[in-house]
Amino acid sequence: MTAAENVCYTLINVPMDSEPPSEISLKNDLEKGDVKSKTEALKKVIIMILNGEKLPGLLMTIIRFVLPLQDHTIKKLLLVFWEIVPKTTPDGRLLHEMILVCDAYRKDLQHPNEFIRGSTLRFLCKLKEAELLEPLMPAIRACLEHRHSYVRRNAVLAIYTIYRNFEHLIPDAPELIHDFLVNEKDASCKRNAFMMLIHADQDRALDYLSTCIDQVQTFGDILQLVIVELIYKVCHANPSERARFIRCIYNLLQSSSPAVKYEAAGTLVTLSSAPTAIKAAAQCYIDLIIKESDNNVKLIVLDRLIELKEHPAHERVLQDLVMDILRVLSTPDLEVRKKTLQLALDLVSSRNVEELVIVLKKEVIKTNNVSEHEDTDKYRQLLVRTLHSCSVRFPDMAANVIPVLMEFLSDNNEAAAADVLEFVREAIQRFDNLRMLIVEKMLEVFHAIKSVKIYRGALWILGEYCSTKEDIQSVMTEIRRSLGEIPIVESEIKKEAGELKPEEEITVGPVQKLVTEMGTYATQSALSSSRPTKKEEDRPPLRGFLLDGDFFVAASLATTLTKIALRYVALVQEKKKQNSFVAEAMLLMATILHLGKSSLPKKPITDDDVDRISLCLKVLSECSPLMNDIFNKECRQSLSHMLSAKLEEEKLSQKKESEKRNVTVQPDDPISFMQLTAKNEMNCKEDQFQLSLLAAMGNTQRKEAADPLASKLNKVTQLTGFSDPVYAEAYVHVNQYDIVLDVLVVNQTSDTLQNCTLELATLGDLKLVEKPSPLTLAPHDFANIKANVKVASTENGIIFGNIASDRNCVVLSDIHIDIMDYIQPATCTDAEFRQMWAEFEWENKVTVNTNMVDLNDYLQHILKSTNMKCLTPEKALSGYCGFMAANLYARSIFGEDALANVSIEKPIHQGPDAAVTGHIRIRAKSQGMALSLGDKINLSQKKTSI
């Protein structure tokens with residue numbers, strides 16, 4: 001058994017740079033030195049033994065000169081020394097010197113100091129030699145009656161481990177501990193004694209619990225936790241006992257200890273599926289989340305609530321507790337709020353949606369009053385999205401939600417305003433009865449919108465959905481108000497030329513006449529004012545956007561003007577009014593074109609925007625029925641198709657989710673009745689305590705491939721050649737932040753290899769936890785060496801080294817750590833993807849080099865080999881046009897994001913067998929992540945090309 005597999009009781013820090021002392025100097029210090037030098041020498045001896053040195057000559061020196069000392073530090077160090085020092089001869093017999101050690105510890109067990117007694121008892125728990133323990137048994141029994149609880153509780157643990165390992169030394173241990181438990185008053189002693197009875201004699205433990213089951217609430221929390229474990233195990237093994245103990249578990253839900261409440265709630269859920277039990281457990285979880293201050297605890301308990309919801313029978317019970325769950329939103333942590341909102345959204349039904357919406361509206365209003373913070377903005381976005389989902393699922397709620405949310409269109413946080421706009425766009429298309437309300441509210445907030453992106457969206461919605469003459473005229477008024485005085489160029493030149501407020505003292509420099517690109521005259525003068533003008537601040541919003549050079553909003557405005565002008569012509573019969581309105585719209589477009597071509601904006605208008613505005617001018621001048629249909633009907637149909645495709649996709653994903661949750665039972669499957677199940681068959685059910693223990697130790701059983709042997713063999717790396725004196729191969733086991741290397745070492749020579757040491761070093765964000773101990777390998781013998789490596793980030797790491805012995809040194813092949821063990825598929829919205837794409841500074845462009853001929857097959861291959869998720873919907877990828885573009889996303893277990901954009905094509909002119917070509921662009925926050933993913937893609941491409 002290697003050091004990595006042993007239970008670790010003591011951690012010792014070993015300074016790497018210190019020189020190993022000689023045995024003679026250590027002997028001298030231990031014999032003749034003072035207490036301080038003896039302490040230092042003993043520490044060095046312990047470190048040397050841990051590193052594989054034998055030092056048999058020092059054993060008698062330590063017994064003669066160190067063991068009799070009464071110094072507490074030396075006594076503590078001696079306990080560590082006797083734990084690790086070899087106590088037997090090569091043939092397995094106990095060393096004669098150990099009799100002296102045994103006598104010394106018998107005296108320590110009778111020492112008047114309780115600390116020395118207690119620490120000696122703890123040490124005896126680690127001894128594995130029955131011959132050493134046998135003479136100490138009377139002294140250990142006597143410690144059960146010591147006046148101090150520290151000695152008594154360690155005596156119980158010592159008796160338990162001795163009974164478990166060598167039952168013949170103390171066969172009456174369960175009876176002894178039961179009698180001790182009945183008379184004991186200290187909580188920690190009772191807990192240790194009760195825990196021993198659970199594992200050694202469960203019937204005695206149950207007898208004791210039956211006598212004091214009504215007093216369980218008065219016990220200490222450490223004892224209550226052990227009682228919960230016992231009840232779980234008993235009811236798990238014998239379901240008929242449930243009725244006897246379930247009341248006790250109910251009572252423990254009221255415990256003052258959060259740990260007891262958590263375990264009791266988890267046990268209650270496994271013991272009973274009655275609605276009252278589920279409700280009590282869920283209520284207990286909710287109270288824990290609200291009262292506990294640690295965010296990690298909140299997230300863990302929230303996960304338990306989410307697990308409860310996954311069970312179809314429990315979901316209805318939890319629906320009644322939605323309002324209680326929403327109390328968790330008082331927590332300031334964003335991750336907790338995110339999970340809470342998702343859980344509430346999954347549980348919402350027609351019975352509680354109204355109350356849910358009221359709470360969410362209050363929360364949205366609260367975020368408006370809080371001082372601006374990054375998390376406040378993100379929380380507002382989460383609330384808007386949750387309200388959006390509620391309104392889509394329950395259309396009756398939309399009328400209550402929209403007026404509150406539309407106030408946020410003028411918000412400084414563009415992301416939250418964009419979410420509101422998306423919601424409004426979907427609502428106005430889906431709910432005909434709300435169109436008047438939305439248009440009215442949109443006109444109210446239109447002038448206050450600060451972001452150009454939101455302005456564009458608002459313009460589009462107003463242009464698309466204003467259907468009455470009054471609304472159309474209101475839109476035109478708002479646009480004129482937002483654009484300011486026209487023509488823009490002339491009014492701006494007048495302002496520059498000196499038409500400013502008279503109260504400001506102005507000095508005008510030499511006037512210069514310039515000719516603009518449009519052929520008009522522009523006057524330029526040097527102005528100096530006694531105080532700065534507020535020209536920039538006083539500009540109307542749309543005018544400000546245009547002068548800043550953002551002409552994409554002008555193209556959107558041209559489309560809106562065209563739509564409302566064509567609709568106005570259809571609504572109003574008078575030719576004069578028709579011509580007047582169309583002329584006004586054309587004037588606005590012409591003045592924007594004029595501005596774009598002048599030198600006034602910070603950036604000139606782009607050719608695309610010029611083309612779009614010119615097209616709109618042409619449409620209005622001709623007014624053909626075809627163009628009328630395109631602008632006023634087909635635009636809306638496109639939106640309708642997009643929304644229905646999105647809805648279909650959401651329904652499909654929900655259906656897949658519900659199919660996963662619903663357990664399908666085949667017609668000929670046997671039905672298992674718990675009451676009729678034999679006791680030995682009950683063991684096949686999963687033990688929750690055992691599962692959580694395995695998860696903590698990192699031994700969770702993963703779902704392996706169809707052939708588990710094949711999946712393990714895939715991770716075996718050959719480290720040396722078959723003709724080398726030492727053959728080595730390693731099985732690389734990855735468990736989240738740890739990598740365990742299980743190295744098989746085979747001595748292929750006819751000689752004994754002394755001090756055979758596995759020397760390892762790492763490259764990248766890897767760190768070797770401990771140095772493997774040296775071995776002695778007999779001729780043609782083999783051994784397993786385990787080494788632990790810590791991982792700090794998602795980066796391709798390399799482990800290299802050699803196997804050295806007294807006779808030879810063999811260099812090992814490099815072990816490359818696969819980053820795919822740390823990358824998991826994840827999802828994000830398109831807006832989040834674009835934001836991250838803009839923010840991430842590391843990009844790796846990989847050229848597609850494969851022999852695959854189908855675009856979709858290549859994409860699926862990339863998804864499989866990189867563990868990424870395709871964000872582009874299935875519908876967008878369907879069909880065949882010779883081109884494909886898709887966005888991929890994944891997250892590492894360290895919280896690092898990885899984005900990829902696949903742009904591939906199939907060159908049709910090269911025939912049907914032409915290989916896929918193109919590029920994959922990877923973006924990440926860290927250089928290591930971008931490079932590692934690029935290497936993985938290149939490697940997987942090469943594999944397909946063979």
Side-chain angles (χ1 to χ4, degrees), residues 425 428-429 435 439 442-443 446 452-453 455-484 486-489 517-518 542-543 545-546 549-598 601 604-642:
R425 187 185 66 181
I428 203 167
Q429 171 62 23
R435 281 183 188 169
V439 168
M442 184 71 83
L443 287 167
F446 186 70
V452 65
K453 186 180 170 187
Y455 207 93
R456 280 204 314 265
L459 272 174
W460 189 91
I461 289 171
L462 287 173
E464 190 63 51
Y465 293 99
C466 284
S467 49
T468 64
K469 188 172 74 169
E470 291 75 21
D471 284 345
I472 291 170
Q473 282 172 338
S474 300
V475 171
M476 182 60 94
T477 307
E478 283 296 334
I479 290 170
R480 286 296 298 264
R481 181 179 164 192
S482 184
L483 207 51
I486 56 168
I488 300 170
V489 174
E517 289 172 340
M518 295 295 286
L542 187 53
R543 195 187 194 94
F545 299 144
L546 295 174
D550 196 332
F551 282 96
F552 187 33
V553 73
S556 182
L557 173 66
T559 307
T560 300
L561 287 170
T562 307
K563 285 178 184 176
I564 60 172
L566 290 171
R567 213 169 289 135
Y568 189 84
V569 168
L571 288 170
V572 178
Q573 300 303 318
E574 291 178 47
K575 270 284 181 199
K576 190 178 176 183
K577 283 185 180 178
Q578 286 180 3
N579 291 341
S580 171
F581 194 90
V582 170
E584 190 177 0
M586 291 172 82
L587 171 64
L588 293 178
M589 291 185 222
T591 192
I592 289 168
L593 272 178
H594 186 189
L595 175 67
K597 292 293 185 183
S598 73
I605 191 167
T606 62
D607 292 342
D608 287 344
D609 295 332
V610 170
D611 289 347
R612 183 68 177 173
I613 297 169
S614 305
L615 171 72
C616 291
L617 279 167
K618 193 175 181 190
V619 168
L620 283 182
S621 63
E622 292 175 359
C623 286
S624 68
L626 174 65
M627 286 298 160
N628 201 343
D629 278 357
I630 290 170
F631 272 85
N632 278 334
K633 290 181 184 171
E634 294 189 20
C635 283
R636 199 174 297 186
Q637 279 174 5
S638 299
L639 175 64
S640 178
H641 289 322
M642 190 192 82

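Here, residue 1 is the first one in the sequence, and each next residue gets the next number.
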Could you give the side-chain donor-acceptor pairs of residues 456-467 under 3.5 Å, partners two or more places apart or in another chain?
from   : atom 1 : to     : atom 2 : distance (Å)
Glu464 : OE1    : Lys563 : NZ     : 2.7
Glu464 : OE2    : Arg636 : NE     : 3.1
Tyr465 : OH     : Gln429 : OE1    : 2.6

**Message:** Among residues at least two apart in sequence or on other chains, which ones pass ring pair (Phe, Tyr, Trp, His ring centres under 6.0 Å) with Phe551?
**Reply:**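 Partners of Phe551 under the ring pair (Phe, Tyr, Trp, His ring centres under 6.0 Å) test: none.
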Using atom types as modelled, flag every donor-acceptor pair under 3.5 Å from a side chain in residues 613-620 to any protein atom, sequence neighbours excluded.
from   : atom 1 : to     : atom 2 : distance (Å)
Ser614 : OG     : Val610 : O      : 2.6

**Request:** If the plane angle is over 60° it's perpendicular, under 30° parallel, otherwise tilted; pick one for Tyr568 and Phe581.
**Result:**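 Rings of Tyr568 and Phe581: parallel, as their planes differ by under 30°.
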**Request:** Please answer whether the main-chain N or O of Ala555 pairs with a side-chain N or O of Thr559 as donor and acceptor at a distance below 3.5 Å.
**Result:**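 Yes: the side chain of Thr559 pairs with the backbone of Ala555.
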**Request:** Answer yes or no: is there a donor N or O on one side and an acceptor on the other, between the side chain of Ser580 and the main chain of Lys576, under 3.5 Å?
**Result:**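 No: the side chain of Ser580 does not pair with the backbone of Lys576.
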**Item:** Criterion side chain to side chain contact (heavy atoms under 4.5 Å, CB included) on Ile605 and Leu595, from CA distance to verdict
**Value:** CA-CA 9 Å; Ile605 191 167; Leu595 175 67; over 6 Å; no
So how far is it from [X] [atom1] to [Y] [atom2], rounded to the nearest 0.5 Å?
X	Y	atom1	atom2	value
Phe446	Ile479	CZ	CD1	6.0 Å
Arg612	Asp607	CZ	CG	15.5 Å
Leu571	Gln473	CG	CD	10.0 Å
Lys577	Lys575	NZ	NZ	15.0 Å
Met589	Leu561	CE	CG	5.0 Å
Leu546	Leu557	CG	CG	8.0 Å

**Message:** Please give me the minimum heavy-atom distance between Leu588 and Thr591, naming the atom from each residue.
**Reply:**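 Looking at all heavy atoms of both residues, the closest pair is O-CG2, 3.0 Å.
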**Request:** Measure across Ala585 and Ala565 and return the closest heavy-atom pair with its distance rounded to 0.1 Å.
**Result:**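 Scanning both residues, the minimum pair turns out to be CB-CB, 4.5 Å.
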